[in-house]
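Here's the structure, in structure tokens; my notes come after.
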Amino acid sequence: VRACFLALAIYYVSAGGFLTLYMLLVLRTLHLSPSMAGFVIGFGGVGAFAGAALASRLDRWLGLGPAILTGLVLNVLGLSSLLFAVAGAKPVVLFLIGQQMIGDCGGMIFMILSTSLRQQIIKGNELARANGFFQIASGAIIPMFGILAGILADMIGIRPTIMIGIGAGMLCIVPCLSPALLKLRSA
């Protein structure tokens, strides 16, 4: 559970910047129309739905720990697709769609399986506190790093700030390389 919390905290650092700057990046920097931006974002829902459908299968096929790591790896692959879009690779819309589909698929796999792990390991009378702790972490980290991302974007620009956020987001894999988690077949 600790590895999942650390991975999620690192992810929230990246998400704070991502959530703050994504629409500015897409509309102002990459010059997509609002309707195309909505079209691209819609693919995130498709990816999340696929992740929800795949989570239990990956758990059965790989075991719980490796399936959790797989979700994070997919999320990072999505971030790397966004990196290509930020760098100006063409066609930018396909890289943005790839980020939405692959990243949200992996993110959903991670969220479902790490929550399942938490619910299976933590005793019933402590589960509410643990869930509250996870919620406080997101409620504190995302806005704090959203503000910092906005300030940094004012200083160095949206593209470089997004690239820094992507790099930070990629680090979320590191805590889940824990041998204890990788050996975990079920909770």
Side-chain angles (χ1 to χ4, degrees), residues 1-30 37 40-41 43-45 47-48 51 55 65-87 95-96 98-118 122 129-178 180-182:
V1 173
R2 183 179 300 124
C4 291
F5 176 77
L6 291 173
L8 200 56
I10 293 167
Y11 173 80
Y12 287 154
V13 167
S14 177
F18 181 81
L19 294 170
T20 300
L21 300 175
Y22 186 77
M23 290 307 292
L24 294 172
L25 172 77
V26 169
L27 297 172
R28 290 187 186 170
T29 306
L30 301 177
V40 165
I41 291 169
F43 279 95
I68 287 171
L69 179 63
T70 299
L72 283 176
V73 167
L74 287 172
N75 187 268
V76 166
L77 286 174
L79 286 175
S80 65
S81 183
L82 179 61
L83 190 59
F84 285 108
V86 170
F95 288 107
L96 292 172
Q99 181 273 319
Q100 289 287 328
M101 289 188 72
I102 297 167
D104 286 12
C105 177
M108 185 59 69
I109 290 167
F110 172 78
M111 291 298 208
I112 289 170
L113 296 179
S114 64
T115 300
S116 294
L117 173 63
R118 189 177 344 139
I122 298 174
R129 282 189 295 253
N131 287 336
F133 186 70
F134 275 73
Q135 290 299 316
I136 289 169
S138 78
I141 294 171
I142 291 174
M144 182 173 55
F145 281 92
I147 292 167
L148 291 174
I151 293 167
L152 188 60
D154 280 343
M155 293 176 9
I156 67 172
I158 293 172
R159 280 182 200 254
T161 303
I162 289 277
M163 290 177 142
I164 291 168
I166 290 168
M170 290 181 171
L171 295 175
C172 72
I173 289 177
V174 174
C176 288
L177 295 174
S178 153
L181 184 66
L182 292 177

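Because only heavy atoms are used, hydrogens play no part in the values below, and waters and symmetry mates are left out as well, while side chains stay in.
Residues D104 and G45 share a closest heavy-atom pair of OD2-N, 4.5 Å. Considering every non-hydrogen atom in both L96 and A85, the closest pair reads CD2-CB, 3.8 Å. Contact record, A48 with M108: O-CG, 3.3 Å, taken as the closest heavy-atom pair. Nearest heavy atom pair, residue V76 against residue C172, reads CG2-SG, 4.2 Å. Residues N75 and G103 share a closest heavy-atom pair of ND2-O, 3.0 Å.
Residues passing the side chain to side chain contact (heavy atoms under 4.5 Å, CB included) test with L77, sequence neighbours excluded: V73, L74, S80, I102. For the ring-ring contact (aromatic ring centres under 6.0 Å, His included) test, no residue two or more places apart in sequence or in another chain qualifies with F110. Every side chain to side chain contact (heavy atoms under 4.5 Å, CB included) that R159 has, sequence neighbours left out, goes to L25, T29, L30, V86. Applying the side chain to side chain contact (heavy atoms under 4.5 Å, CB included) criterion to L181, with sequence neighbours excluded, gives A3, I68, L117, C176, S178, L184. Listed by chain and number, the residues in a side chain to side chain donor-acceptor pair (under 3.5 Å) with Q99 amount to none (sequence neighbours excluded). Shown here are the ring-ring contact (aromatic ring centres under 6.0 Å, His included) partners of F84, two or more places apart in sequence or in another chain: F95.
Side-chain atoms of Y11 and L79, non-hydrogen and from C-beta on, never get closer than 4.5 Å to each other. Side chains of I166 and L82 form a contact here, defined as non-hydrogen atoms less than 4.5 Å apart.
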| request: Starting from the C-alpha separation in whole Å, work towards a yes-or-no answer on side chain to side chain contact (heavy atoms under 4.5 Å, CB included) for I41 and M23. | output: CA-CA 10 Å; I41 291 169; M23 290 307 292; 3.6 Å; yes
| request: Evaluate side chain to side chain contact (heavy atoms under 4.5 Å, CB included) for I10 paired with V174, printing each intermediate quantity in order. | output: CA-CA 10 Å; I10 293 167; V174 174; 5.7 Å; no
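Applying the side chain to side chain donor-acceptor pair (under 3.5 Å) rule to pairs touching residues 12-27 yields Y22-Q100, sequence neighbours excluded. For the side chain to side chain donor-acceptor pair (under 3.5 Å) condition, no pair includes a residue of residues 132-155, sequence neighbours left out.
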Residues 139-153 side chain polar contacts: donor-acceptor under 3.5 Å, at least two apart:
none

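Taken to the nearest 0.5 Å, the CG atom of L69 stands 5.5 Å off from the CG atom of L177. Here the straight-line distance linking atom CG of L72 with atom CE of M111 works out to 9.5 Å at 0.5 Å rounding. Here CG of L21 is found 4.5 Å from CD1 of I162. Values are rounded to the nearest 0.5 Å. Atoms CG and OG1, from N131 and T115 in turn, are 7.5 Å apart once rounded to the nearest 0.5 Å.
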